[in-house]
Amino acid sequence: MRDVRLLNTGSLLELQRRLRAAGNENIRSSMQRRIRRAAEPLKDDLESKMRGLPIRSGGRRSRPGGRSPTTRPLRSTIADAIRISVRTSAGTAGAKVWVDRARLPADLKNMPKVINEGPPPGRIRHPVFGNRSNWANQYVTPYWWDNTVRSHTPRIEREVARVMDDVRRRLT
């Protein structure tokens, strides 16, 4: 799973230098706020896609299922870990949308990548109730992250370009 980065670092870095030279903190904070606002619909859509992602079972054998050994909902836990950051410093200028692995429990740190990319894509393989001699497969729609990002990218790029044009106009 890849981070989403809204980048045009050359233009953003050039604008950042001009903002520092102008010394106007208002314009700089406005630019950061507007870039964040451009990325928020993507974050919200990623969260809702994760919360609504159907997870299908490979089917049960003859035994009926039981109560889950954890009270932690998988999809909600991952959705709550999706973050946005906006930076205007040299080398890292842009907005970034990512899954903050530090906010995930230790046993779920790789789960967003497994759900999105596999191996194979869309398959979650896990021990049944922690029993490592009995494994189960569950299936999800693969590439939920990639497809959602791809659908939002043109809008975000237009929005960031408009923000940068507005800032350039205010500086001249």
Side-chain angles (χ1 to χ4, degrees), residues 1-9 12 32-89 91-161 163:
M1 193 146 97
R2 296 160 202 88
D3 296 335
V4 180
R5 296 170 192 249
L6 309 174
L7 299 174
N8 186 351
T9 48
L12 285 171
Q32 288 177 326
R33 184 177 59 251
R34 289 177 65 192
I35 290 174
R36 175 178 292 277
R37 214 178 289 144
E40 281 175 355
L42 171 61
K43 176 186 179 279
D44 295 341
D45 198 16
L46 285 167
E47 287 176 347
S48 69
K49 289 270 197 236
M50 175 45 71
R51 283 191 170 92
L53 194 67
I55 299 177
R56 297 173 307 282
S57 171
R60 295 192 190 276
R61 297 206 177 107
S62 60
R63 295 185 312 250
R67 198 168 122 61
S68 173
T70 179
T71 59
R72 187 183 63 230
L74 171 70
R75 291 172 286 206
S76 184
T77 302
I78 294 172
D80 291 340
I82 297 173
R83 297 279 176 257
I84 299 176
S85 75
V86 177
R87 294 188 179 143
T88 55
S89 61
T92 59
K96 178 178 166 182
V97 180
W98 82 103
V99 175
D100 186 0
R101 291 174 40 148
R103 295 189 55 99
L104 293 174
D107 59 335
L108 295 181
K109 294 226 185 274
N110 290 326
M111 192 56 68
K113 181 178 179 181
V114 168
I115 291 174
N116 189 55
E117 297 174 4
R123 184 181 83 169
I124 305 169
R125 184 169 161 77
H126 62 90
V128 177
F129 295 104
N131 178 358
R132 295 210 163 277
S133 64
N134 190 9
W135 289 74
N137 291 317
Q138 289 183 299
Y139 302 93
V140 298
T141 305
Y143 308 117
W144 64 275
W145 179 274
D146 297 343
N147 293 338
T148 307
V149 168
R150 197 173 301 118
S151 69
H152 281 266
T153 300
R155 180 196 55 78
I156 294 172
E157 288 173 347
R158 283 192 308 271
E159 197 62 33
V160 170
V163 168

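Everything numeric in this text was worked out from a predicted model, so none of it was measured.
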E157 and T153: CA distance, side-chain angles, deciding distance, side chain to side chain contact (heavy atoms under 4.5 Å, CB included) verdict: CA-CA 6 Å; E157 288 173 347; T153 300; 3.4 Å; yes
Closest heavy-atom pair and its distance - A39, I156: CA-CD1, 4.5 Å
Donor-acceptor contact present, side-chain N147 to main-chain Y143, <3.5 Å: yes
Non-neighbouring partners of R103 that pass side-chain hydrogen bond (donor to acceptor under 3.5 Å, both in side chains), sequence neighbours left out: none
Residue pair R123, Q138: steps toward the side chain to side chain contact (heavy atoms under 4.5 Å, CB included) verdict: CA-CA 6 Å; R123 184 181 83 169; Q138 289 183 299; over 6 Å; no
Donor-acceptor contact present, side-chain S76 to main-chain P73, <3.5 Å: no
Any N116 side-chain heavy atom under 4.5 Å of P142 side chain: no
Residues which pass salt bridge (charged side-chain N to carboxylate O under 4.0 Å, His left out) with R34, listed by chain and number, not counting sequence neighbours: D166
For K109 against R101, the heavy-atom pair lying closest together: NZ-O, 2.8 Å
Student check: side-chain heavy atoms of R56 and V140 closer than 4.5 Å: no
Contact summary for L74 and M111, nearest pair of heavy atoms: CD1-CG, 3.7 Å
Verdict with supporting geometry, V163 and R37, side chain to side chain contact (heavy atoms under 4.5 Å, CB included): CA-CA 11 Å; V163 168; R37 214 178 289 144; over 6 Å; no
Any donor-acceptor pair under 3.5 Å from W144 side chain to T141 backbone: no
Test side chain to side chain contact (heavy atoms under 4.5 Å, CB included) applied to I115 and W145, step by step: CA-CA 9 Å; I115 291 174; W145 179 274; over 6 Å; no
Min side-chain heavy-atom separation R125-V114 under 4.5 Å: no
Distance-minimising heavy-atom pair for T148 and L42: O-CD1, 4.0 Å
Please list, one pair per line, the donor and acceptor atoms closer than 3.5 Å that link side chains of residues 78-85 to other protein atoms, with sequence neighbours excluded.
| unit_1 | atom_1 | unit_2 | atom_2 | d |
| --- | --- | --- | --- | --- |
| D80 | OD1 | R51 | NH2 | 2.3 |
| R83 | NH1 | D80 | O | 3.2 |
| R83 | NH2 | D80 | O | 3.4 |

Gap separating the CD atom of E40 from the CG atom of D45, nearest 0.5 angstrom: 13.5 Å
Residue pair P41 / R155, side-chain heavy-atom distance below 4.5 Å: yes
Carboxylate-amine/guanidinium contact K43 E47, below 4.0 Å: yes
